[in-house]
Amino acid sequence: MDGMKQPGLIKYRIFKVLLPAFIFFICNSDFAIAQNKKESLQKTKKQIEQEISYTNMLLEQTQKSKQTSLNKVILINRQIEKRESLIETINSEIDQIQEEIGIQTELVQDLSDELQKMKDEYARMIYFAYKNLNIYNRIMFIFAAEDFNQAFNRLKYYQQYGSYRRTQAEIIRKTQSELTQKIHLLEETKRQKASLAQSKEKEKIRLIGEKEEKGQTIQDLNKKEKQLLATLKEKQEAARKLQKEIEKIIAEEIRASELRARKEATTTTKPKTTVTDTKIMLTPVEMELSSSFSANKGRLPWPSERGIVTGFFGEHPHPVLKYVKVKNNGIDIATEEGAIVRSVFAGKVSRVMSFPNMNKVVIVRHGEYLTVYSNLDEVNVEDGQEISTKQTIGKVHTSPDDSKTEFHFEIWLGKTIQNPQEWLSRYN
């Protein structure tokens, strides 16, 4: 036996043992990525479930009214959309878990195969040691060396061989433990998949029930077509008056800013204030506020702590009346009775007023931007007041007819109407 070659053989065998560990690391990395995806889906599912629960609560409030209302159809529509989104998310989660199961199954198989190889090799090593590495053979092998260096290397070989045997025994023990954990994890993942499949079927049954309820409600409302048309006409007229008033306020702001700029030009040598595309001349403070508002697009807090969007921006088909379109300059948000409306950003109250079918309305200016909050019962601010982000503006009106608690929210950039959902954060 060559003492110079054996240490190299030992290193090779150690490398063989460590190579599977590297392979397992790669497999575990794939598993970690899959886990992150699953956690993201679980977070989305939890958010949707909370929204469904909240919509259920609003529907229960609507049930207080004996009359079949348009609000009920709108809420059921939103419930159906959320339910369908939940089922889609569950499907994605099931697919993700199936991918995890595939990764885990492969990992368990690799571990099992490698464990068996290591056990076989360890058995051969023990047999070799029993046959060749007794104390007499070791001494004879060392003393048969040609010189001191070779004797030292042969002694070193025995030490490394013993260390290798202990290392491999420890690796076998750890691999066995890891294999047991992976098998348990695989079984748990399969149970999760089965549970999700059951949950999916329950959601499908609920979805069918909601669609049936929606159909029945629409049938009842179709008998009130004239009333629905009259209500829609009143609402559209109120929206038109509000839009006209906002445009009037903007025009006043433009004239006031031009007058202020002319006075500054004749009395001071300061640089001219900036003129925007909306023709409103902003002071440096207003410019900073406007820029800050713009920089927070997609991150503005909701104008209520809780709520769901029941009316979307733009033109859409009427939820009940065929061939009728409704136009919305902002969004409608349904919330619970007694809910508070708050400012989405720091600014100055431009106007507090009242409109038929819209109750009290508050308009807040943020530089060249305006935010509008309507259908309020109580108002906690006044004209010209400086307010901060999330400061209470007022309380939402609750309709005595159908127990609906809903307010209207708009955002304007100068004379241009914006889609509020592009500005608000995704969740309340």
Side-chain angles (χ1 to χ4, degrees), residues 51 54-59 61-62 65 69-82 214 217 221 228-243 245-246 300-321 324-344 354-364 370-377 379 393-412 417-428:
E51 290 173 353
Y54 189 71
T55 309
N56 272 334
M57 185 268 288
L58 296 180
L59 276 167
Q61 287 187 3
T62 304
S65 172
S69 68
L70 178 62
N71 183 51
K72 182 179 178 181
V73 175
I74 293 171
L75 287 173
I76 292 174
N77 264 335
R78 295 295 291 137
Q79 191 78 321
I80 288 171
E81 289 171 8
K82 291 298 178 184
K214 173 188 171 182
T217 307
L221 284 171
L228 289 174
L229 284 169
T231 303
L232 177 61
K233 186 177 178 180
E234 290 174 358
K235 191 173 181 179
Q236 287 177 333
E237 179 62 20
R240 187 188 65 78
K241 287 181 179 179
L242 177 60
Q243 180 175 342
E245 187 65 28
I246 292 170
L300 293 176
W302 271 53
S304 60
E305 286 189 12
R306 299 182 71 188
I308 58 169
V309 177
T310 49
F312 294 90
F313 177 80
E315 192 174 73
H316 306 280
H318 191 277
V320 174
L321 300 171
V324 175
K325 297 255 185 184
V326 292
K327 184 183 177 184
N328 198 335
N329 286 340
I331 58 174
D332 301 311
I333 299 176
T335 184
E336 67 263 32
E337 187 174 347
I340 297 299
V341 169
R342 58 194 186 180
S343 176
V344 298
S354 297
F355 278 97
N357 297 306
M358 282 198 169
N359 296 293
K360 293 183 180 179
V361 179
V362 176
I363 300 175
V364 181
L370 292 176
T371 53
V372 183
Y373 314 78
S374 58
N375 201 36
L376 308 182
D377 254 347
V379 172
I393 289 176
K395 189 174 78 171
V396 185
H397 172 75
T398 298
S399 170
D401 296 329
D402 56 8
S403 302
K404 176 176 70 175
T405 305
E406 182 182 88
F407 69 98
H408 182 71
F409 176 67
E410 296 180 11
I411 297 179
W412 290 65
I417 304 169
Q418 305 287 302
N419 182 354
Q421 285 190 278
E422 295 177 356
W423 288 83
L424 298 177
S425 61
R426 186 176 176 186
Y427 301 121
N428 305 45

### Query
Excluding sequence neighbours, so at least two apart, what forms side-chain contact (heavy atoms from CB on, under 4.5 Å) with K82?
I48, E51, I52, R78

#### Entry: Partners meeting side-chain contact (heavy atoms from CB on, under 4.5 Å) with A238 (sequence neighbours left out)
N357, M358

### Message
Nearest 0.5 angstrom please: I76 CD1 to T217 OG1, how far?
### Response
4.0 Å

### Task
Could I get the full list of side-chain hydrogen bond (donor to acceptor under 3.5 Å, both in side chains) partners for E234, not counting sequence neighbours?
none

### Task
Please round to the nearest 0.5 Å and tell me the distance separating atom CD1 of I393 and atom OG1 of T371.
6.0 Å

### Query
Hey, does I246 have a side-chain heavy atom less than 4.5 Å from the side chain of E410?
yes

### Summary
Closest heavy-atom pair, I333 versus G307, reported as atoms and distance to 0.1 Å, is CG2-CA, 4.0 Å

### Task
Under the side-chain hydrogen bond (donor to acceptor under 3.5 Å, both in side chains) rule, collect the residues that match up with K214, sequence neighbours excluded.
N77

### Task
Applying side-chain contact (heavy atoms from CB on, under 4.5 Å), name anything that partners E422, two or more places apart in sequence or on another chain.
K297, N419

### Query
Listed by chain and number, what are the side-chain hydrogen bond (donor to acceptor under 3.5 Å, both in side chains) partners of N329, not counting sequence neighbours?
Q243

### Query
Which heavy atom in S425 sits nearest to a heavy atom in P301, and how many Å separate them?
OG-CA, 4.4 Å

### Task
List in chain and number order the residues that pass salt bridge (Lys or Arg N to Asp or Glu O under 4.0 Å) with E406, two or more places apart in sequence or in another chain; answer none if no residue qualifies.
K404

### Query
Got Q421 and F313 here, is their nearest side-chain heavy-atom distance under 4.5 Å?
no

### Query
How long is the span from the CG atom in L228 to the CG atom in L221, to the nearest 0.5 Å?
5.5 Å

### Message
Quick check: closest heavy atoms across R306 and S304, and the distance to 0.1 Å?
### Response
O-OG, 3.0 Å

#### Entry: Matching residue for W302 among V341, T335, V309 - test: side-chain contact (heavy atoms from CB on, under 4.5 Å)
V309

### Task
Determine the minimum heavy-atom distance between Y54 and A334, stating which atoms define it.
CE2-O, 4.1 Å

### Task
Drop me the distance from L242's CG to N375's CG, to the nearest 0.5 angstrom.
11.5 Å

### Message
If I compare all heavy atoms of Y373 with all of S343, which pair ends up nearest, and what's the gap?
### Response
OH-CA, 3.6 Å

### Task
Take N56 and Q79 through the side-chain contact (heavy atoms from CB on, under 4.5 Å) test and state the conclusion after the steps.
CA-CA 8 Å; N56 272 334; Q79 191 78 321; 2.6 Å; yes

### From CG (L59) to CD1 (I74), nearest 0.5 Å
11.0 Å

### Query
With F407, which residues qualify under ring pair (Phe, Tyr, Trp, His ring centres under 6.0 Å), at least two apart?
none

### Query
Should I417 and W412 be marked as a side-chain contact (heavy atoms from CB on, under 4.5 Å) after you check the CA-CA gap, both sets of side-chain angles, and the distance that decides it?
CA-CA 5 Å; I417 304 169; W412 290 65; 3.5 Å; yes

### Message
My understanding is that only residues two or more places apart in sequence, or in another chain, count here; which of them pass side-chain hydrogen bond (donor to acceptor under 3.5 Å, both in side chains) with T398?
### Response
T405

### Query
Taking it one step at a time, do K360 and D377 satisfy side-chain contact (heavy atoms from CB on, under 4.5 Å)?
CA-CA 6 Å; K360 293 183 180 179; D377 254 347; over 6 Å; no

### Residues that E336 engages under salt bridge (Lys or Arg N to Asp or Glu O under 4.0 Å), provided they are two or more places apart
none

### Task
State, yes or no, whether a side-chain contact exists between N328 and H408 at a heavy-atom distance under 4.5 Å.
yes

### Task
Verify side-chain contact (heavy atoms from CB on, under 4.5 Å) between Q236 and K327, making sure each step is shown before the conclusion.
CA-CA 8 Å; Q236 287 177 333; K327 184 183 177 184; 5.9 Å; no

### Query
Heavy-atom distance under 4.5 Å between the side chains of L424 and I331, does that happen here?
yes

### Summary
With sequence neighbours left out, the residues meeting side-chain contact (heavy atoms from CB on, under 4.5 Å) with K241 are E237, F355

### Message
Please report the interatomic distance CD1(I411) to CG(L300), rounded to the nearest 0.5 Å.
### Response
6.0 Å

### Task
Tell me, please, which residues at least two apart from K395 pass salt bridge (Lys or Arg N to Asp or Glu O under 4.0 Å).
E378

